[in-house]
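Worth saying up front: this structure is predicted, and the values here are computed from it rather than measured. All chains are named by letter (A, B, ...) in the order of the sequence lines, taking the proteins before the strands, and each is independently numbered beginning at 1.
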2 protein chains.
Amino acid sequence: MTILSQIESTLPNLSKAESKVAAYILEHPKQTMSRHIGELSKEIGVSEPTVIRFCRTLGLDGYKSFKLSLAQSLPQTSEQLLVDITHNDSPLKIGQKIIDSAIASLQETRKNLDSPQLGKAIEALLRAERIEFYGQGGSGIVASDAQQKFFRLGTPVVAYSDPYIHCVSATLLTPGCAVVAVSHSGSSTDLLHSVKLAMENGATTIAITARQSVLAETADIVLPIDVQEDSTHYAPIKSRMSQLALLDTLAIAIAVAREDEQDLTERLSRSNDALAHKHSQNLSQ
Amino acid sequence: MTILSQIESTLPNLSKAESKVAAYILEHPKQTMSRHIGELSKEIGVSEPTVIRFCRTLGLDGYKSFKLSLAQSLPQTSEQLLVDITHNDSPLKIGQKIIDSAIASLQETRKNLDSPQLGKAIEALLRAERIEFYGQGGSGIVASDAQQKFFRLGTPVVAYSDPYIHCVSATLLTPGCAVVAVSHSGSSTDLLHSVKLAMENGATTIAITARQSVLAETADIVLPIDVQEDSTHYAPIKSRMSQLALLDTLAIAIAVAREDEQDLTERLSRSNDALAHKHSQNLSQ
DNA sequence: ACAATAATGTAGTTTAACTACAAATTATAT
DNA sequence: ATATAATTTGTAGTTAAACTACATTATTGT
């Protein structure tokens, strides 16, 4: 857990002044890093000791260690980010650059996670009687991965990466179905066509794709993944990672929700048993 | 580029005392973070201003900004890591936890990247006349992904996720072939069997799997991915991400190497042309 | 409404980061 | 080889930021 999510979780337990501090830091983490306690406290409108007390509440030593923790959970500043791969890079350097870019992409995705769309997507998938994943090329693999993950959750689920096949499948959908279209660019006409077909048949469509894309505009629910096109080398793995992370989130969220449902029915039946038992006791008295 | 790699690259230009500082920090980055300038300079055996000068040489403002940069490039301390997903987690929280765990896993992989095995793997794949990727279940998808990536690099390449198929394929291999076996646990007997068959036929085998596993002990070259079994929820995506990053690294490293070769032959032929031209000029004089 | 407790701020203290300058080392030129 | 210039390193002093003790103000319960 990063320091920022830790702040979020302790927010409700904080006093008025301290939660002002928390709110400011959550909104301006980067600025916080470069300010010293005097500037920061003035900016927020509290006293210096309040800031220190806030740091202590989080379990840290003081403002210094807080700033260090904050720096650790913050992504690298953009200037030192992502130099493209050159011909004199060693394999080690190539690997490091790729992993750095993947991490940056995941952090970006993490930031954009907090949207009502996520909840809507989960709800739609929970309700769906049948789920189909469509994706072409690299995203086809992501679709297959999703299929494997959703497979165990009880709902019938398939993944298609062939344009012709998912087009045909889309025509056979019914209102109880959900379609998840995965695409890096969101501009594949084949995929778009299948999504439109699915919508015509009343299926709920979820797009995991670039925010500014035809696919995103078309689908019912959009989970945006915006990968800056900084490099031909990095782009594929960046979108792949973010897509996988998002689908994993959906799968686990649904698994958790289903388990809760089961628990609930189990608890209900158990409580019914208990009631019945009690009833028979009453009768025998 | 992280601050640590920046230190590495500036190391040759540093004076004696400053390179002592650099060497210490590269070896003990974590300790450095918690020390203040006095402690650090005493520990290294230089004066405080020397440390400050070192920070300035790196282009930073002073020791404070240096510590901040260092913190940013250092992975989170393990204690604040990864609480498992619980039933009362919101979808947002689930997503954040999943992404955090994926990032942690990638950082771990990044650390273990620097090994002669990586170079060996690239060399073997560069030499190979034919490459086969084997992986089962979740790793099967990674194998397919690798197949797509390596596809454009010129070498014939296939991916098999069916145990029976890759077993048959392994019997048909020749010494010029390379096999990349991808497995989270490294304990699949089917996969192990196919790798052994491939080795018997003289193929070079590369394993992307847990360091402590039968598969790792068997294969010619091992690219280890050690995912702590901290959670059933996180484990799959962690290994998936690291596997993808490693295979991407291999693919791009090979692409870069091949381009260099092409450049070289191109440059050679161009220089030959130039020579021929010059020769004819000499003749005509 | 008043007391008690918690929360916040003010003023002072300590500590760590930084600066100016001096000493020592190294390099270079005669 | 030696002297001088330039660079490097360290010492001592200064500044500024982080932290502490205590006073004041809000908040809660009786």
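- For S15(B), counting side-chain heavy atoms from C-beta on, the closest listed nucleotide (dA18(D), dT8(C), dT8(D)) is dT8(D).
- Separation of atoms OG1 (T86(B)) and NZ (K93(B)) is listed at 9.0 Å; rounding is to 0.5 Å.
- A salt bridge does not link D220(A) with K120(A): every distance from a Lys NZ or Arg NE/NH1/NH2 to an Asp or Glu carboxylate oxygen is 4.0 Å or more.
- Atoms CD and NZ, from Q243(B) and K238(B) in turn, are 13.5 Å apart once rounded to the nearest 0.5 Å.
- One interatomic measurement links the two molecules: NZ of K20(A) to C1' of dG9(C), which rounds to 12 Å at whole-angstrom precision.
- When distances run from any side-chain atom of P49(A) to the nucleotides dT20(D), dT8(C), dA18(D), the shortest one goes to dT20(D).
- Following rounding to the nearest Å, D61(B) (CG) and dA16(D) (P) show an atom-to-atom distance of 14 Å.
- Distances were taken from every side-chain heavy atom of Y63(A) (C-beta onward) to each of dA18(D), dG9(C), dG10(D); the shortest belongs to dA18(D).
- OP1 or OP2 of dG10(D) sits under 4.0 Å from a side-chain N or O of T50(B).
- Partner of E18(A) under the side chain to side chain donor-acceptor pair (under 3.5 Å) criterion, out of T50(A), N13(A), T57(A): T57(A) alone.
- The side chain of H36(B) has dA16(C) as its nearest neighbour among dA16(C), dT19(C), dT8(C).
- Put simply, CG on L40(A) is 19 Å from P on dA16(D), counting in whole angstrom units.
- The interatomic distance linking K67(A) (NZ) with dA17(C) (C1') rounds to 12 Å, in whole Å.
- The CZ atom of R35(A) sits 17 Å away from the C1' atom of dA18(D) (whole-angstrom rounding).
- Closest to the side chain of E48(B), out of dA18(D), dT8(C), dC18(C), is dC18(C).
- Checking the phosphate oxygens (OP1, OP2) of dT26(C), a side-chain nitrogen or oxygen of K16(B) falls inside 4.0 Å.
- At whole-Å resolution of the value, CD1 in I52(A) and P in dT14(C) are 16 Å apart.
- What separates CD of E18(B) from P of dT8(D) is a distance of 8 Å, to the nearest Å.
- Taking atom CZ on F54(B) and atom P on dT8(D), their separation rounds to 15 Å, with Å as the unit.
- Nearest to the side chain of I37(B), among dT9(D), dT8(C), dA17(C), sits dA17(C).
- With values rounded to the nearest 0.5 angstrom, L113(B) atom CG is found 6.0 Å from T249(B) atom OG1.
- Side-chain N/O atoms of R56(B) include one lying less than 4.0 angstrom from OP1 or OP2 on dT19(C).
- Contact annotation: K64(B) side-chain N/O to dA16(D) OP1/OP2 distance is not under 4.0 Å.
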